[in-house]
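I have placed the structure first, in the form of structure tokens, so that the comments after it can refer back to it.
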Amino acid sequence: MAFGKGCHLHLIDGSAFIFRAYHALPPLTRKSDGLPVGAVSGFCNMLQRYVEGNVGGDVTHVAVIFDKGSHTFRNDMYDQYKANREAMPEDLRPQMPLTRDATKAFNIACEEIEGFEADDIIATLAVQARDAGGRCTIISSDKDMMQLVGGGVVMMDAMKGNKIIDVEDVEEKFGVGPNRVIDVQALAGDTADNVPGAPGIGIKTAALLINEYGDLETLLDRAGEITQPKRRQTLIDHRAQIELSKRLVTLDDKMDLPFTLDDLEVRDPEPDVLLEFLSQMEFRTMTKRISDKLGVAAPAVADVAVAADAPEQPAFDAEKYEWVKDAAALQVWIDQIYARGYVAVDTETTSLNEMRAELVGVSLCVTAGEACYIPLTHKSGAADDLFGDDALAEGQMDFEECLAILKPMLEDDSILKIGQNMKYDAKIFKRVGIDVDPIDDTMLMSYAMNAGLHRHGMDVLSEQYLGHTPIPIKPLLGAGKSAKTFNRVPVEDAVRYAAEDADITLRLWEVFKPQLHRKQVTSVYETMERPLVPVLAKMEMHGIKVDRDTLSRMSNAFAQKMAGLEDELYELAGGKFNVGSPAQVGEILFDQMGLEGGKKGKNGKYATGADVLEDLATEHDLPGRVLDWRQLSKLKSTYTDALQTHINAETGRVHTSYSITGANTGRLSSTDPNLQNIPIRTDEGRKIREAFIADEGKVLVALDYSQIELRILAHVANIDALKQAFRDGHDIHAMTASEMFNVPLDEMTPDVRRQAKAINFGVIYGISGFGLARNLRIPRAEAQGFIDRYFERFPGIRTYMDDTVAFAKEHNRVETLFGRKIHTPEINAKGPGAGFAKRAAINAPIQGTAADVIRRAMIRMDDAIAHLPAKMLLQVHDELVFEVDKDAAEDLIAAARDVMENAANPVVKFDVPLVVDAGIGATWAEAH
DNA sequence: CACGTCACG
DNA sequence: GACGTACGTGACGTGT
């Protein structure tokens with residue numbers, strides 16, 4: 001078919017795909033020869049997803065366009081063009097030709113031309129397609145190609161869920177239509193490509209000028225008419241540079257191409273060619289997956305290509321999983337487990353909440369591909385049947401009999417029990433009287449190796465490391481109101497699903513186990529991840545007593561106050577509105593009442609956050625009242641109301657669940673409910689802590705590290721003045737203020753101290769003048785002055801920050817003092833993402849080291865307080881909360897404080913003391 | 001289900 | 001007024 005009306009051309013920006021694939025994946029190598037192939041693998045996955053996404057679509061022609069060589073006609077114009085680009089990573093270079101091979105293997109046209117950038121080829125093809133009366137979609141988010149949009153040409157951002165970028169989006173980004181984009185770029189320049197532009201002029205100003213004068217040439221000719229003197233002079237002085245910039249950003253859309261649009265017609269992949277390539281790359285699982293999809297047998301060559309030392313993984317086959325119905329069948333599995341010495345275990349239950357969940361069945365796996373499920377309490381009737389048959393389904397072992405057989409194995413020292421998120425299963429087993437030990441946990445292994453690269457849920461891990469998409473649970477359980485619990489799932493379906501989870505877990509373990517050592521995280525995993533599982537399980541199961549009446553009384557009081565505020569607000573606004581709707585609040589403030597300074601966010605709504613409303617409070621009464629209402633609403637809905645629903649009916653206590661892998665830095669996170677964000681900063685909120693109480697005859701004890709992150713900063717950045725202040729027990733913020741502002745300590749004012757405190761925290765967060773200015777509400781220049789003075793006074797801090805960022809750029813990760821690795825995959829990206837990654841990289845070793853310290857304390861705590869009538873209940877990042885018999889409180893404080901203050905020993909010897917403050921009380925409010 | 005907002009360290 | 005910016009989390013209500 002000749003390209004013409006009705007045709008649709010897709011042009012894929014190959015380089016963008018490659019770099020995304022490279023940064024998205026951990027460094028994989030081909031087993032047989034160690035060739036790096038991570039980017040190729042990701043590239044193939046993206047192509048495959050792209051192809052699948054187009055099945056049934058209207059695309060008639062497609063090509064992947066690559067850059068060729070690093071020297072283009074633009075370098076002849078300007079030798080500094082793209083001169084600030086970092087060199088291509090060593091392990092990416094050999095993969096470049098392979099991505100071309102991959103494109104051809106998928107039977108997609110693959111084009112590159114010496115001396116030209118991919119962008120020029122894309123421009124030429126897009127124009128050809130448009131002129132022929134067809135449509136063109138450029139798959140890229142590169143702003144350099146936005147000049148091409150319009151007249152049937154759009155862009156598509158594959159990284160943002162295939163968002164279409166059309167003329168309107170271009171106008172939003174550049175403030176001018178696509179035909180004037182190059183004029184704006186010529187003025188604004190481009191840091192990423194090292195296009196100079198006009199100094200001091202950015203996109204905003206450029207768009208303003210272009211819109212006023214029509215186009216760049218007119219603007220430059222009439223530059224003398226510009227009223228602002230500085231701007232006028234800039235344009236006159238830099239005319240040549242601006243004109244050069246325009247030539248640099250203008251894409252060549254009239255190239256002579258050695259092929260035509262017709263050569264790009266969509267072709268189906270040829271299975272033999274594609275699978276041959278994939279198996280050469282030794283993408284075993286992808287070969288299997290794609291051969292399944294194409295409906296052909298995986299080629300024998302795939303087996304040949306697999307290195308001899310890599311045991312061939314059997315394919316996943318749900319039909320092979322066994323339904324264990326009686327003791328004899330189970331015993332066969334137990335015998336296998338003892339012969340092997342380890343087993344992957346998974347439980348199925350009625351709830352994700354371990355304190356409410358009832359055990360429904362157990363699955364086991366000893367060899368990849370061979371797994372079983374032991375259903376125990378499946379019901380035969382459906383849940384929604386009013387007269388539902390609550391009888392047990394057929395073919396299930398007796399519950400107690402099964403547990404009696406499993407218990408000795410699960411508790412046997414010589415049998416390693418492998419789980420994915422073992423804390424969950426261990427708690428379920430604990431509630432039926434089984435102490436599972438010893439354990440390994442694939443989720444924690446992944447976290448130790450790959451924190452920051454991806455999340456660590458089974459679906460992600462299976463997809464990433466086994467190339468297998470697990471059977472989804474949704475279709476089995478349903479969703480919304482008609483959702484049922486797992487004990488209502490027909491046993492045949494349950495066997496496939498549940499046994500597969502154990503199978504996946506075992507396979508992941510086989511992949512991860514040898515990697516731990518190679519990635520040098522064995523000791524992190526074995527000393528700071530795995531031992532935390534039983535510690536947290538105990539804390540969570542113990543829970544903390546919460547008084548429902550206190551909460552309920554507070555809820556009522558909040559409701560009354562809110563109703564009063566609502567009346568006042570309706571009065572002020574001159575009508576009813578939903579105070580809880582930021583959109584409506586914004587309309588009232590900025591449209592209806594006409595207050596100044598409304599800023600709209602990306603979805604066109606006014607921002608009405610606390611900072612905005614606080615600034616407006618001087619103008620009008622309404623914003624302040626909205627803030628008061630919001631505070632009450634927050635306290636009521638998130639705390640006094642919701643906490644009541646979390647009080648366990650059996651224990652009368654609240655049982656949170658800690659996630660070990662929730663935060664990339666090593667911190668824990670807390671859910672259902674989150675007990676790490678109970679209010680304390682305002683008096684009203686703080687009262688909620690009065691509902692957290694000790695059991696009769698006991699008290700709550702809270703111990704928290706004093707300034708732990710600043711102490712760690714003083715140590716790692718090696719700042720003598722800070723270290724000495726901590727040794728002397730001085731007020732660290734006052735000391736900082738004194739050093740910076742040359743104010744003697746005894747003349748320190750609270751305000752100066754407050755500013756120094758903000759700077760101290762800012763440093764930990766990767767300070768910027770902008771951020772500090774906003775925080776302190778001072779002019780940006782003043783904030784920058786503070787920062788400059790701080791670095792002048794404490795030069796070690798700057799060195800630490802620079803070194804940390806340099807380390808991150810080289811290794812794509814940072815480390816805590818205890819060896820925890822935190823990946824920063826965005827650190828070498830261009831664009832705003834790099835700024836975030838940089839600050840995160842500065843913060844992570846500090847926050848992470850503090851997290852490691854308290855983890856170590858928690859792991860040692862059990863033994864240290866075993867002789868006391870005390871239980872550890874909660875962790876809040878730098879604080880531990882205990883419940884202890886009244887008369888043993890002081891003993892507990894002594895023992896726990898000793899553990900906490902010495903938790904870094906002997907691995908890290910801090911130059912500063914770690915200091916722990918303690919409090920005792922009948923409630924958490926008192927104890928803090 | 002995304003977003004804005006706000007609670008904590 | 002080149003850009004967009006303090007670090008790390010989780011839960012709630014609104015509005016699509």
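Per chain, numbering begins at 1; letters A, B, ... match sequence-line order.
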* Asked: So which one's nearest nucleotide on DNA chain C is more toward 5', A:G762 or A:G662?
  -> A:G762
* Asked: What nucleic acid atoms does A:I846 come within less than 4.0 Å of, heavy atoms only: base, sugar-phosphate, or nothing?
  -> nothing
* To do: Test side-chain hydrogen bond (donor to acceptor under 3.5 Å, both in side chains) on A:N760 and A:T736 and set out the steps.
  => CA-CA 8 Å; A:N760 275 334; A:T736 307; 3.0 Å; yes
* Asked: With distance as the sole criterion, do the side chain of A:R681 and the base of B:dG9 form a donor-acceptor contact below 3.5 Å?
  -> yes
* Asked: How would you label the contact of A:A188 with the nucleic acid (heavy atoms, under 4.0 Å): base, sugar-phosphate, or nothing?
  -> nothing
* Asked: In whole Å, what is the span from the NZ atom of A:K173 to the P atom of C:dA2?
  -> 15 Å
* Asked: Using a cut-off of 4.0 Å on non-hydrogen atoms, how would the nucleic acid contact of A:A610 be classed: base, sugar-phosphate, or nothing?
  -> sugar-phosphate
* Asked: With a 4.0 Å cut-off on heavy atoms, is A:D878 in touch with a base, just the backbone sugar-phosphate, or nothing at all?
  -> sugar-phosphate
* Quote, to the nearest angstrom, the P distance that separates B:dT5 from C:dA6. => 14 Å
* Mind checking A:I767 for me? I need base, sugar-phosphate or nothing, with any heavy atom below 4.0 Å counting as a touch. => base
* In whole Å, what separates the P atom of B:dC6 from that of C:dG4? -> 23 Å
* How is A:G769 classified with respect to the nucleic acid when contacts are heavy atoms under 4.0 Å: base, sugar-phosphate, or nothing? -> nothing
* Asked: Salt bridge between A:R813 and A:E815, side-chain N to carboxylate O under 4.0 Å?
  -> yes
* Do NZ/NE/NH1/NH2 and the carboxylate oxygens of A:E566 and A:K576 come within less than 4.0 Å? -> no
* Rounded to whole angstroms, how far apart are NZ on A:K838 and C1' on C:dC3? -> 14 Å
* To do: Sticking with atom P, work out how far C:dC12 lies from C:dT16, rounded to a whole angstrom.
  => 22 Å
* Asked: How about A:K561: does its NZ atom have over 12 heavy atoms from other parts shown lying under 6.0 Å from it?
  -> no
* Give A:F761 one of three labels, base, sugar-phosphate or nothing, depending on what nucleic acid heavy atoms sit under 4.0 Å from its own. => nothing
* Asked: With a 4.0 Å cut-off on heavy atoms, is A:G766 in touch with a base, just the backbone sugar-phosphate, or nothing at all?
  -> nothing
* **salt_bridge(A:D157, A:K163) N-O dist < 4.0 Å** => no
* Hey, which sits more toward the 5' end of DNA chain C by its nearest nucleotide, A:R780 or A:S669? => A:R780
* To do: Just call it for A:A758: base, sugar-phosphate, or nothing, with non-hydrogen atoms closer than 4.0 Å on any strand.
  => base
* Any A:T608 side-chain nitrogen or oxygen under 4.0 Å from OP1 or OP2 of B:dT5 -> yes
* Charged N-O contact under 4.0 Å between A:R774 and A:D611 -> no
* Asked: So what does A:L635 hit on the nucleic acid, given a heavy-atom distance under 4.0 Å: a base, only sugar-phosphate, or nothing?
  -> nothing
* Asked: Distance between the P atoms of C:dT5 and B:dG4, in whole angstroms?
  -> 12 Å
* Would you kindly give the CG-to-P distance between A:D704 and B:dG9, to the nearest whole Å? => 9 Å
* Structure fact -> Regarding the side chain of A:P679, the nearest nucleotide among B:dA7, C:dT5, C:dA6 is B:dA7
* To do: Could you please name the partner base of C:dC3, counting Watson-Crick and G-U wobble pairs only when both distances are under 3.5 Å?
  => none
* To do: Under 4.0 Å between any heavy atoms, over every strand shown, what does A:E879 touch: base, sugar-phosphate, or nothing? Just pick one.
  => nothing
* Asked: Looking across every strand, which nucleic acid part, if any, lies under 4.0 Å from A:A607 by heavy atom: base, sugar-phosphate, or nothing?
  -> sugar-phosphate
* Chi class for B:dC3: syn within 90° of 0, otherwise anti -> anti
* With the sugar-phosphate defined as primed atoms, P, OP1 and OP2, and the base as all remaining atoms, what B/S/- string results for nucleotides 11-16 of chain C, 5' to 3', for protein heavy atoms under 4.0 Å? -> BSSSS-
* Indicate yes or no for a side-chain donor-acceptor contact from A:T205 to the backbone of A:I201 under 3.5 Å, with no hydrogens or angles considered. => no
* To do: Look through every strand shown and name the nucleotide pairing with C:dA11 as Watson-Crick or G-U wobble, where both distances are under 3.5 Å.
  => B:dT5
